[in-house]
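In what follows, a structure is listed as structure tokens, so that the remarks can point back to it.
Here the structure is a predicted model, which means the values were calculated and not measured. The chains referred to below are lettered A, B, ... by the order of the sequence lines, with proteins before strands, and numbering in each begins at 1.
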Amino acid sequence: MKKLSELFGEKLFVVNAGIAMFAENIRKAGGEAADIEWRPPAKGNAEILKKIKKIKFGTKKAGG
Amino acid sequence: MDFNKINLEAFGKILRAEPRIIGLDIAKNVIPDFRDNMLLHAGPPVTWERMCGPMKGAMTGALLYEKKAKNESEAAEMLSSGQFLFDPCHHHNTVGPMAGVLSPSMPVWILENRTFGNRAYCTLNEGLGKVLRYGAFSSEVIDRLRWMADILYPALKDIVALSGEIAMKPLIAQALQMGDEGHNRNRAGTSLLLRLITPYLFDLDIAEKVKKDIFKFIDSNDHFFLNLTMPAAKCSVQTIEGTEGCSLVTVMARNGTELGIKVAGLQGKWFTGPSQKVEGLYLPGFSEKDANPDIGDSTITETAGIGAFAMAAAPAIVGFVGGSAQDALNYTMKMYDITYGENDVYKIPQLNFRGTPTAIDIVKVVETGILPRINTGIAHREAGIGQVGAGLTFPPENVFTDALNAFYEKYAK
């Protein structure tokens, strides 16, 4: 397995799972980057996310 | 509670549904809890005061059709007087496209789910343009409705009696292979149905001219099949209504003022928000300023995994609703992220026969932030005019977060 320092010595192809600006900067620097559509779960709403996690991963009640 | 197991079982029920046309009848004879002074409409509950223009127009037309009012002003007076009960089609196992207005003596298709025995109902499709469901009520609209009740309905009833039950799933599956998506494009489905019923039409003991008129009427209306894909979809998702712990959507419907959803595990509750603007293409002479917000029960197709969810199968639809063939493909691909699974019968050739994304999960919608795509017609915002275009839209986001909050309160708090 390559060391991280060696990896950055090679030509990189970057997959950007973040805001588009990250990929733009790589392209401007001569790199290649592909954007994948990504947004934070529940649009970053921590309260809603907590509820989703509880629904998905663990709970109690039968029948409500 | 194992929510995933519950959803898996519910999803299985949707897939096992076998909607079939079993006949036709007059609405008041067959639709459950339908009363003489009742008028059904699309979407969640709405009062006369809050009804949009096209729904008021369709209500007016319904009273003219029923011969309960002589003209528009008399109809308006009666409709605002409180003597009529307005109730959502969905409260009566019924679905209605656009305004979805259904009065007691209109003929309806009867579909039955052979697997579970539940039934769903829908009117016969009138065509596009100046029609009741888009809010028009001129004499040509009422005359057409009367012809449909007096001539078309008895003939279709006899045809189904001769042909026997007609299985909808194979027809819809085949239509998807032929470029339909079952909501805004029904050209293939209408053609397949006509091919199936025409031999029985020939056999009817009615005048040759009437046979020709019936053939021409169905043949000239590419949306005739819509009023069958809708109750077929309703029949399929209806089976999971009231399933405790199930987070799958059973209803998504609009009354032109509000859009409402219902969730299997939250029986009896509507989650509503404002009907959204539709982005699309307009008929000559009309523009965005003429458009009413999103309206109709036809989103039952998306709820059951066809319509905009199957748009990849219908690239030609972009000529009707706007966008590119690639957009159509992208819309379908995104819907896989918010649905429970893939349909085992409705398949998309363009995606190597992958099953359509089926059964919207409110948890996935809120988690991903991806809203269901809706493919729809556009009605004029004023009563009495009719269709002005077709396009694409989304539900308001709050209906899913509200539903998720209620689901959490009931099952996971």
Side-chain angles (χ1 to χ4, degrees), chain A, chain B residues 1-10 242-249 263-269 271 326-327 329-338 340 361-371 373 394 396-413:
Chain A
M1 199 168 158
K2 284 179 182 171
K3 287 180 182 169
L4 198 62
S5 56
E6 288 172 9
L7 185 68
F8 282 101
E10 296 175 3
K11 184 174 167 55
L12 293 181
F13 186 85
V14 179
V15 176
N16 175 38
I19 58 173
M21 195 194 294
F22 295 161
E24 273 308 303
N25 285 336
I26 290 164
R27 286 189 203 106
K28 276 181 192 163
E32 283 183 65
D35 289 293
I36 60 166
E37 198 178 338
W38 181 87
R39 60 187 100 186
K43 292 192 170 177
N45 184 325
E47 196 192 334
I48 292 282
L49 202 55
K50 209 168 133 188
K51 289 178 180 175
I52 289 172
K53 278 185 179 164
K54 212 160 169 196
I55 292 170
K56 282 175 79 171
F57 303 116
T59 59
K60 40 128 208 156
K61 258 181 162 179
Chain B
M1 236 174 179
D2 186 343
F3 296 118
N4 191 49
K5 193 175 166 218
I6 292 167
N7 283 347
L8 176 65
E9 280 170 11
T243 305
E244 286 292 311
C246 179
S247 60
L248 305 180
V249 173
V263 178
L266 301 168
Q267 178 79 327
K269 286 185 187 155
F271 299 93
Q326 184 63 47
D327 290 335
L329 202 69
N330 294 345
Y331 298 149
T332 293
M333 291 307 290
K334 272 196 167 187
M335 296 304 101
Y336 287 109
D337 290 339
I338 58 165
Y340 188 83
D361 184 347
I362 56 162
V363 179
K364 290 188 175 187
V365 172
V366 179
E367 187 175 25
T368 60
I370 297 170
L371 292 169
R373 269 277 167 183
F394 300 98
E397 196 177 336
N398 76 285
V399 300
F400 293 97
T401 44
D402 291 351
L404 183 112
N405 281 323
F407 192 86
Y408 171 79
E409 289 293 325
K410 183 173 181 186
Y411 296 109
K413 194 175 176 183

| field | Nearest atoms (heavy-atom pairs only) where B:Val363 meets B:Leu404 | value |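 In terms of heavy atoms, the two residues are closest at CA-CD1, 3.8 Å.
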| Reference residue A:Glu47; test salt bridge (charged side-chain N to carboxylate O under 4.0 Å, His left out); the match among A:Lys51, A:Lys50, A:Lys43 |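 Result: among A:Lys51, A:Lys50, A:Lys43, A:Lys51 is the only option passing the salt bridge (charged side-chain N to carboxylate O under 4.0 Å, His left out) with A:Glu47.
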| query | So, the side chain of B:Asn7 versus the backbone of B:Ser247: is there a donor-acceptor pair under 3.5 Å, distance only? | reply |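 Confirmed, B:Asn7 side chain pairs with B:Ser247 backbone.
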| query | Does the B:Tyr411 side chain pair with the main chain of B:Gly265, one donor and one acceptor, at a distance under 3.5 Å? | reply |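 The answer is yes, because a donor-acceptor pair under 3.5 Å joins these two groups.
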| query | Given the rule in the side-chain hydrogen bond (donor to acceptor under 3.5 Å, both in side chains) test, do B:Glu409 and B:Asn405 qualify, once you have shown the distances and angles that lead to the verdict? | reply | CA-CA 6 Å; B:Glu409 289 293 325; B:Asn405 281 323; over 6 Å; no
| field | Contacts of A:Arg27 that satisfy side-chain hydrogen bond (donor to acceptor under 3.5 Å, both in side chains) - sequence neighbours left out | value | A:Glu24, A:Asp35
| task | With a 4.5 Å heavy-atom cut-off (strictly below), which parts of residues 396-403 of chain B touch chain A? List them by number. | result |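 B:Glu397 fall under the 4.5 Å cut-off.
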